[in-house]
Amino acid sequence: MPKRPGVNQDRLVEASLELIQEQGEQGLTFVALAKKLGIKPPSLYNHVRSIDDLKYILRLRGLRLLESDLKNAVIGRSESAALHSLCHAYRHFAQTQPALYRMTLASTEHDDADLQAAGRASLEVLLAVLSGYGLEGERALHAIRCLRSALHGFVSLEIAGGFAMPLDLDDSFELLIRQQEQGLRELPPRG
């Protein structure tokens, strides 16, 4: 069966991203996607094997975009400037692509090689930033877990509308970064 002109995997991914931004991951169905593309649902099988295959492609795209954003944010920066820029890039990614962000959250350690590589690439950016604080090995990995937890908690509450007080969210986020940075500076490099 020939592929419909104008529908290729890139357009399929773009339409899928639009759907998950509008309706969340649960709104991504072959019926909804076909309707958005103006094709019949069975035609999607010309481009992907299943909805799970499509979600895999989206997750991989999300991991790669996040890594790219983080890496671009820290290039040419070190220590405090790198940490602040990295945190802002993380927040911006989550704010602008909340559904795709949620797809990046699960560990990639037990997935296939492409997902492992994409997950490892973001980890390498974080490790490089934390090396400026003298942290490496397991200490750096523990610090990354803490930093990621703090950032995720903030952006998840923000996305869900969990901050209703009339306080500036940017000020709160800056305080969160400063608290994380203070914690990084107080961690002994080893032990």
Side-chain angles (χ1 to χ4, degrees), residues 17 20-21 24-25 55 58-191:
L17 288 172
I20 65 170
Q21 289 301 100
E25 189 178 342
K55 287 179 181 180
L58 292 172
R59 183 172 180 218
L60 188 57
R61 168 81 62 94
L63 287 165
R64 289 176 174 161
L65 284 172
L66 178 59
E67 183 268 336
S68 176
D69 288 356
L70 296 178
K71 185 164 49 172
N72 288 333
V74 302
I75 289 176
R77 295 178 171 89
S78 61
E79 288 190 38
S80 184
L83 180 67
H84 280 253
S85 191
L86 178 131
C87 291
H88 284 285
Y90 187 96
R91 181 183 181 202
H92 183 262
F93 180 82
Q95 287 174 323
T96 58
Q97 310 227 31
L100 190 57
Y101 166 72
R102 282 189 288 279
M103 294 179 91
T104 69
L105 294 175
S107 171
T108 59
E109 291 176 18
H110 304 292
D111 289 318
D112 70 23
D114 289 336
L115 285 173
Q116 286 176 6
R120 183 72 189 172
S122 288
L123 181 64
E124 292 296 333
V125 174
L126 290 161
L127 287 169
V129 170
L130 294 188
S131 72
Y133 293 89
L135 298 171
E136 41 187 54
E138 283 188 13
R139 296 300 280 171
L141 294 175
H142 286 298
I144 287 170
R145 281 182 174 172
C146 295
L147 177 62
R148 184 177 175 217
S149 296
L151 292 173
H152 174 68
F154 189 97
V155 300
S156 294
L157 286 167
E158 182 176 24
I159 291 167
F163 296 125
M165 287 186 229
L167 293 171
D168 187 284
L169 281 176
D170 293 337
D171 289 346
S172 296
F173 192 68
E174 283 300 321
L175 178 59
L176 177 127
I177 297 170
R178 287 195 306 272
Q179 288 174 334
Q180 291 300 304
E181 184 172 25
Q182 182 179 351
L184 292 173
R185 291 192 187 284
E186 292 175 2
L187 273 176
R190 303 197 191 291

Quiz item: Leu100 and Leu58: which non-hydrogen atoms are nearest, and at how many Å?
Solution: CD1-O, 3.3 Å
Quiz item: Partners of Arg120 by side-chain hydrogen bond (donor to acceptor under 3.5 Å, both in side chains), sequence neighbours excluded?
Solution: Glu124
Quiz item: Under 3.5 Å, side chain of Arg61 to main-chain N/O of Leu17, donor-acceptor pair present?
Solution: no
Quiz item: Does NZ belonging to Lys71 count more than 12 external heavy atoms closer than 6.0 Å?
Solution: no
Exercise. Using the side chain to side chain contact (heavy atoms under 4.5 Å, CB included) rule, take Leu141 and Leu127 through it: C-alpha gap first, then chi angles, then the decisive distance, then the call.
Key: CA-CA 8 Å; Leu141 294 175; Leu127 287 169; 4.1 Å; yes
Quiz prompt | Spacing of Leu123 atom CG and Glu67 atom CD [to the nearest 0.5 Å] | solution = 11.0 Å
Quiz item: Given the rule in the side chain to side chain contact (heavy atoms under 4.5 Å, CB included) test, do Ser85 and Val129 qualify, once you have shown the distances and angles that lead to the verdict?
Solution: CA-CA 10 Å; Ser85 191; Val129 170; over 6 Å; no
Self-check item: For Ala150 against Gln180, the heavy-atom pair lying closest together
Solution: CB-NE2, 3.5 Å
Exercise. Verify, without hydrogens or angle tests, whether Ser68 (side chain) and Leu65 (backbone) share a donor-acceptor contact under 3.5 angstrom.
Key: no
Quiz prompt | Nearest-0.5 Å distance, OG of residue Ser107 to CD of residue Gln116 | solution = 9.0 Å
Quiz item: About how many Å separate CD1 of Ile177 and OH of Tyr90, when rounded to the nearest 0.5 Å?
Solution: 12.5 Å
Quiz prompt | side chain to side chain contact (heavy atoms under 4.5 Å, CB included) partners for Leu175, two or more places apart | solution = Arg178, Gln179
Self-check item: Shortest non-hydrogen contact from Leu130 toward Ala143
Solution: CD1-CB, 3.8 Å
Self-check item: Pairs flagged by salt bridge (Lys or Arg N to Asp or Glu O under 4.0 Å) wherever residues 167-176 is involved - sequence neighbours left out
Solution: Arg91-Asp170
Quiz item: By salt bridge (Lys or Arg N to Asp or Glu O under 4.0 Å), which residues pair with Arg185, not counting sequence neighbours?
Solution: Glu79, Glu181
Quiz item: Of all residues at least two apart in sequence or in a different chain, which pass the side-chain hydrogen bond (donor to acceptor under 3.5 Å, both in side chains) check with Gln95?
Solution: Glu158
Practice problem: Could you check Leu187 against His142 for side chain to side chain contact (heavy atoms under 4.5 Å, CB included), going step by step and ending with a plain yes or no? | Solution: CA-CA 10 Å; Leu187 273 176; His142 286 298; over 6 Å; no
Exercise. Measure the NE2-CD distance between His92 and Gln97 for me, rounded to the nearest 0.5 Å.
Key: 9.0 Å
Quiz item: Shortest non-hydrogen contact from Gly62 to Thr104?
Solution: C-CG2, 3.5 Å
Self-check item: Verdict with supporting geometry, Tyr101 and Thr96, side chain to side chain contact (heavy atoms under 4.5 Å, CB included)
Solution: CA-CA 9 Å; Tyr101 166 72; Thr96 58; over 6 Å; no
Quiz prompt | Approximate separation, where rounding is to 0.5 Å, of Leu60 CG and Thr108 OG1 | solution = 10.0 Å
Exercise. Could you name each residue pair satisfying salt bridge (Lys or Arg N to Asp or Glu O under 4.0 Å) that touches residues 142-151, not counting sequence neighbours?
Key: none
Self-check item: Nearest-0.5 Å distance that lies between atom CG in Leu70 and atom CG in Leu126
Solution: 6.0 Å
Quiz item: Centres of the His88 and Phe173 rings: under 6.0 Å?
Solution: yes
Quiz item: Gln21 and Ala99: which non-hydrogen atoms are nearest, and at how many Å?
Solution: OE1-N, 3.4 Å
Quiz item: Can you name the nearest heavy-atom pair linking Asp69 to Ala89, along with the distance?
Solution: O-CB, 3.8 Å
